[in-house]
Number of protein chains: 2
Amino acid sequence: MSIKIAIVDDKFVNRNIIKNKLLAYGHFEIVLMAENGSDFLQKMKTLNPKERPDVALIDLEMPELDGVDTIAAATTLYPNIKYVVLTIFDDEDKIFKAIKAGAFGYLLKDENAENIGDMLWQMHESGAGPISPGIAHKILQLIQNNKLTILKKDTVTEKILFELTDRETEILKLLVKGLAYKEIGQELGISPNTAKKHVINVYQKLHVNSRVQALHLAQEKGLL
Amino acid sequence: MSIKIAIVDDKFVNRNIIKNKLLAYGHFEIVLMAENGSDFLQKMKTLNPKERPDVALIDLEMPELDGVDTIAAATTLYPNIKYVVLTIFDDEDKIFKAIKAGAFGYLLKDENAENIGDMLWQMHESGAGPISPGIAHKILQLIQNNKLTILKKDTVTEKILFELTDRETEILKLLVKGLAYKEIGQELGISPNTAKKHVINVYQKLHVNSRVQALHLAQEKGLL
DNA sequence: CTGCAAGTAATCCAAATGGATAATATATTT
DNA sequence: AAATATATTATCCATTTGGATTACTTGCAG
């Protein structure tokens with residue numbers, strides 16, 4: 001099974017270079033090419049779930065919708081795709097923003113051909129996001145220089161305040177992800193009517209009456 | 001010119017495995033072996049500056065003086081040496097502490113022989129600290145989960161992801177609180193129609209199409 | 001065996017939502 | 001003066017949501 005790749009870069013030459021590198025490497029299949037974030041999101045809409053890429057290689061500086069915003073939006077719309085930055089920029093600010101936006105990896109374009117293929121393949125094998133050595137090094141420096149600091153997170157008190165059933169908790173999780181009745185039904189293999197019934201039961205137990213309120217509560221009380 | 005290496009590990013077998021791996025790789029010369037931090041510092045004193053290692057590979061869990069403390073002490077005594085953690089531990093806490101202590105790289109022992117040699121050699125060539133992919137990945141996760149945060153006082157903190165106008169940001173805040181068009185209108189003293197218009201504009205800028213998705217994005221990327 | 005809780009499913013209906021489009025006012029910029 | 005960005009209001013319309021109610025099945029506790 002080959003890995004389905006999307007390439008998002010505003011320069012035609014870049015798109016082609018990357019494409020050829022990956023095709024030459026084998027194991028990869030290019031399923032989508034876009035010249036900016038808007039174009040990418042647009043084209044994604046036209047794909048049915050089976051055709052969607054596994055990995056999206058995204059440049060940072062692009063017109064219309066830049067890489068960071070693209071990743072931020074795309075991670076909520078298509079959370080299963082691995083978004084990997086592929087760019088020439090290696091300044092702290094861009095690195096940090098891209099990661100916060102949800103980048104799974106960060107590769108520099110000056111990596112040689114095999115390296116990029118290797119790292120993407122490695123990602124697929126190990127599940128670890130690919131990061132160019134120079135980038136990893138910069139992040140270490142940030143930590144050492146106290147520009148990055150760790151926040152102590154207190155214990156996760158698993159309190160079951162509201163007595164949601166297993167099924168209802170499951171429903172709540174999907175609800176929080178933004179799914180409609182229809183989609184929840186599909187996801188769980190039940191009728192959308194049933195999904196709706198569950199949702200409304202959840203509302204009653206949480207004493208809310210809308211999705212956003214439910215999400216708010218779930219977030220605050222950490223019951224997800 | 002070969003790279004002079006020190007190996008600090010409490011297990012005899014480990015020391016030998018590493019030694020043999022590196023010798024087989026070539027380019028490396030083992031100038032010091034120690035079984036814990038105290039032992040390492042002790043032996044370092046006996047070396048004159050020309051004989052000192054370029055790189056010290058240090059295990060973390062050791063008796064007498066553990067890896068973190070060893071690195072912390074050694075970086076002040078011999079700041080020119082690159083201290084690279086070589087261990088089996090990959091938990092956040094150890095990683096973070098080691099880096100803060102001054103580790104220049106962090107490698108996992110389960111890397112295969114060539115990889116460790118490669119990465120050390122690469123470090124020598126590029127000047128970037130060697131980091132195992134899995135470790136880099138963990139650090140990225142930490143940043144993404146807001147467990148690591150950037151501290152900057154000098155730079156203008158523009159967390160203005162997506163170019164929302166002031167009004168739109170205001171609207172988004174209310175949206176996130178679960179208010180309906182009507183309520184948003186009341187809150188801001190505008191028509192519910194206007195509120196709705198703003199909401200839809202926000203959706204378009206965020207590339208989402210529902211409240212929950214917008215909330216999801218706002219929450220994750222911290223644009224509120 | 002019986003009853004109750006949980007899960008499933010459907011229907012009716014009012015209200016809210018999202019999308020598209022158009023129009024006006026008010027600043028600010030060029 | 002003209003162009004641009006922002007904020008405001010409105011209407012049409014299809015879809016979705018929330019709410020109430022009824023009903024069937026299954027598994028488990030009394």
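All values derive from a computational prediction rather than experimental measurement. We name chains A, B, ... by the order of the sequence lines, and we start the count at 1 in each one.
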Notebook entry, point to check: Between C/dG18 and B/Gln204, is there an OP1 or OP2 to side-chain N/O distance shorter than 4.0 Å?
Noted result: no
Checklist line | Nearest non-hydrogen partners of B/Leu108 and B/Ser132, listed with the distance | finding: N-OG, 2.9 Å
Checklist line | Interatomic distance where CD1 belongs to B/Ile200 and C1' belongs to D/dT8 [whole Å] | finding: 15 Å
Notebook entry, point to check: How close do A/Asp39 and A/Asn36 get, heavy atom to heavy atom, and via which atoms?
Noted result: N-OD1, 2.8 Å
Checklist line | OP1 or OP2 of D/dT16 under 4.0 Å from side-chain N/O of A/Lys182 | finding: yes
Next item on the list: To the nearest Å, give me how far apart CD1 (B/Ile184) and P (C/dT17) are.
Entry: 8 Å
Check: Are more than 12 heavy atoms from other residues, nucleotides or ligands located less than 6.0 Å from atom NZ of A/Lys4?
Finding: yes
Next item on the list: Pick base, sugar-phosphate or nothing for A/Thr194, based on heavy-atom distances below 4.0 Å to the nucleic acid.
Entry: base
Notebook entry, point to check: Looking only at side-chain N and O atoms, does A/Thr165 come under 4.0 Å of OP1 or OP2 in C/dG7?
Noted result: yes
Note to self: Please verify the inter-ring angle class for A/Trp121 with A/His27; under 30° counts as parallel, over 60° as perpendicular, anything in between as tilted.
What the structure shows: parallel
Check: So, A/Asp90 versus A/Tyr106: side-chain donor-acceptor pair below 3.5 Å or not?
Finding: no
Notebook entry, point to check: Taking for each residue the nucleotide of DNA chain C with the nearest heavy atom, is it B/Lys197 or B/Ser210 whose nucleotide lies nearer the 5' end?
Noted result: B/Ser210
Check: Side-chain donor or acceptor of B/Lys196 under 3.5 Å from a matching atom on the base of C/dG19?
Finding: yes
Check: Which is true for A/Ser191 with a 4.0 Å heavy-atom rule: it touches a base, it touches only sugar-phosphate, or it touches nothing?
Finding: sugar-phosphate
Notebook entry, point to check: Counting just side-chain N and O atoms, does A/Arg211 come under 4.0 Å of either OP1 or OP2 of D/dG18?
Noted result: yes
Notebook entry, point to check: Rounded to whole angstrom units, what separation is found between the CG atom of B/Leu206 and the C1' atom of C/dG18?
Noted result: 14 Å
Next item on the list: Calculate the interatomic distance between B/Gln186 atom CD and D/dT8 atom P; express it in whole Å.
Entry: 16 Å
Next item on the list: Remember a base hit wins even if backbone is also touched, and classify A/Tyr181 as base, sugar-phosphate or nothing at under 4.0 Å, heavy atoms.
Entry: base
Check: Please give, in whole Å, the distance from C/dG18 C1' to B/His198 NE2?
Finding: 16 Å
Next item on the list: In whole angstrom, give the distance that lies between atom CG of B/Asn201 and atom C1' of D/dT8.
Entry: 11 Å
Margin query: Quick check on DNA chain D: between B/Asn193 and B/Leu188, whose nearest nucleotide comes earlier from the 5' end?
Written below: B/Leu188
Checklist line | Length of the CG-C1' vector between A/Asn209 and C/dT17, whole Å | finding: 15 Å
Check: What is the distance, rounded to the nearest whole Å, between atom CG of B/Asp166 and atom P of C/dT26?
Finding: 20 Å
